[in-house]
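These notes are about the structure you will find just below.
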Amino acid sequence: LIAPLRAVPGQVRTLLVRTETVVNLAHLHLMLIHFPIAGSFFGIPLLAWALWRRAELGATAAAAAVVLAAGIAGGLALNTGDGAEEVVEDQPGVTEAAIHEHEERAEVAATLGGLTALLGVAALGAAAMSKGRIAQGALGAALVAEIATAGAMAWTGNAAGAIRHPEASAAVVASAERGERGEQGE
């Protein structure tokens, strides 16, 4: 429905557009996927900071919260992927191969995210019990796992882009680069 608003003298008349918001699984998947990607990258400096602070409880809690939330969001994103596939699989330009590649990568990334989340919780538990060396060891392991998770999340996101963004695919980029080299050689 479109309903006109009364214009205040001197202002431009505007229109209010009322819409019903319907969230399907593809939309939900898109809303969820950004947090595990960003969260894994934000977790790296937080884990490093907590490790530098020698597993001080507040720093460890901050790092563990981000890592845990990113791990949970990654699991939720993985679990909405099949529903998202059902919504987009028959759309023009969407290939089963691109969806399958993204799905395979997502399983790796979600597994790493879950492992990292467990290590973050272990570090928090050890810090809360004043087990400094154990907490630092768990934080160090979580930091290494978080770096791997961030890479896997970016790798997965890249495959997701190939589903709906052909301009981001390796073939398109390689073709554009060949074209640029051809133009420069002329």
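Owing to the predicted nature of the structure, the values given are computational and were not obtained by experimental measurement. Computation of the quantities below employed the complete heavy-atom set of this structure, encompassing side-chain atoms and omitting hydrogens, waters and symmetry-equivalent molecules. The residues of the chain are indexed from 1 along the displayed sequence.
- Linking Ile, Leu, Val, Met, Phe, Trp and Tyr whenever their side-chain heavy atoms come within less than 4.5 Å puts Leu25 and Met31 in one cluster.
- A continuous path of hydrophobic side-chain contacts links Leu139 to Ile147 [ILVMFWY only; heavy atoms under 4.5 Å].
- Under the 4.5 Å side-chain contact rule for hydrophobic residues, Leu28 and Leu76 share a cluster.
- Taken from NE2 in His27 to OG1 in Thr80, the straight-line distance is 11.5 Å, to the nearest 0.5 Å.
- Linking Ile, Leu, Val, Met, Phe, Trp and Tyr whenever their side-chain heavy atoms come within less than 4.5 Å leaves Leu30 and Ile163 in two separate clusters.
- Summarising the geometry of Val67 relative to Glu146, their closest heavy-atom pair is CG2-OE2, 4.0 Å, with the distance given to 0.1 Å.
- Considering CH2 of Trp155 and CD of Glu101, their distance stands at 6.5 Å, rounded to 0.5 Å.
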Let me have the donor-acceptor pairs involving side chains of residues 110-135, under 3.5 Å, with sequence neighbours excluded, atom names and distances please.
unit_1	atom_1	unit_2	atom_2	d
Thr111	OG1	Glu107	O	2.8
Thr116	OG1	Leu112	O	2.8
Thr116	OG1	Ala145	O	3.4
Thr116	OG1	Thr149	OG1	2.9

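- The cluster map of Ile, Leu, Val, Met, Phe, Trp and Tyr, joined by side-chain heavy atoms under 4.5 Å apart, puts Leu78 and Ile72 in different clusters.
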Distance-only check: which donor-acceptor pairs under 3.5 Å involve side-chain atoms of residues 40-47, not counting sequence neighbours?
unit_1	atom_1	unit_2	atom_2	d
Ser40	OG	Pro36	O	3.1
Ser40	OG	Ile37	O	2.8

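- Side-chain contact between Glu85 and His29 is absent, with no heavy atoms from C-beta onward closer than 4.5 Å.
- Using a distance-only test at 3.5 Å, with no hydrogens or angles considered, a donor-acceptor pair links the side chain of His102 to the main chain of Thr156.
- The shortest side-chain heavy-atom distance between Glu103 and Asp82 falls under the 4.5 Å cut-off.
- Judged purely by atom type and a 3.5 angstrom limit, Thr60 has no side-chain atom pairing as donor or acceptor with the backbone of Ala50.
- Closest approach of Phe35 to Ala70, counting heavy atoms only: CE2-N, 3.4 Å.
- Without hydrogens or angle criteria, Asn158 side chain to Ala154 main chain gives no donor-acceptor distance under 3.5 Å.
- Between Pro92 and Arg164, the shortest heavy-atom distance links the atoms O-NH1, 4.1 Å.
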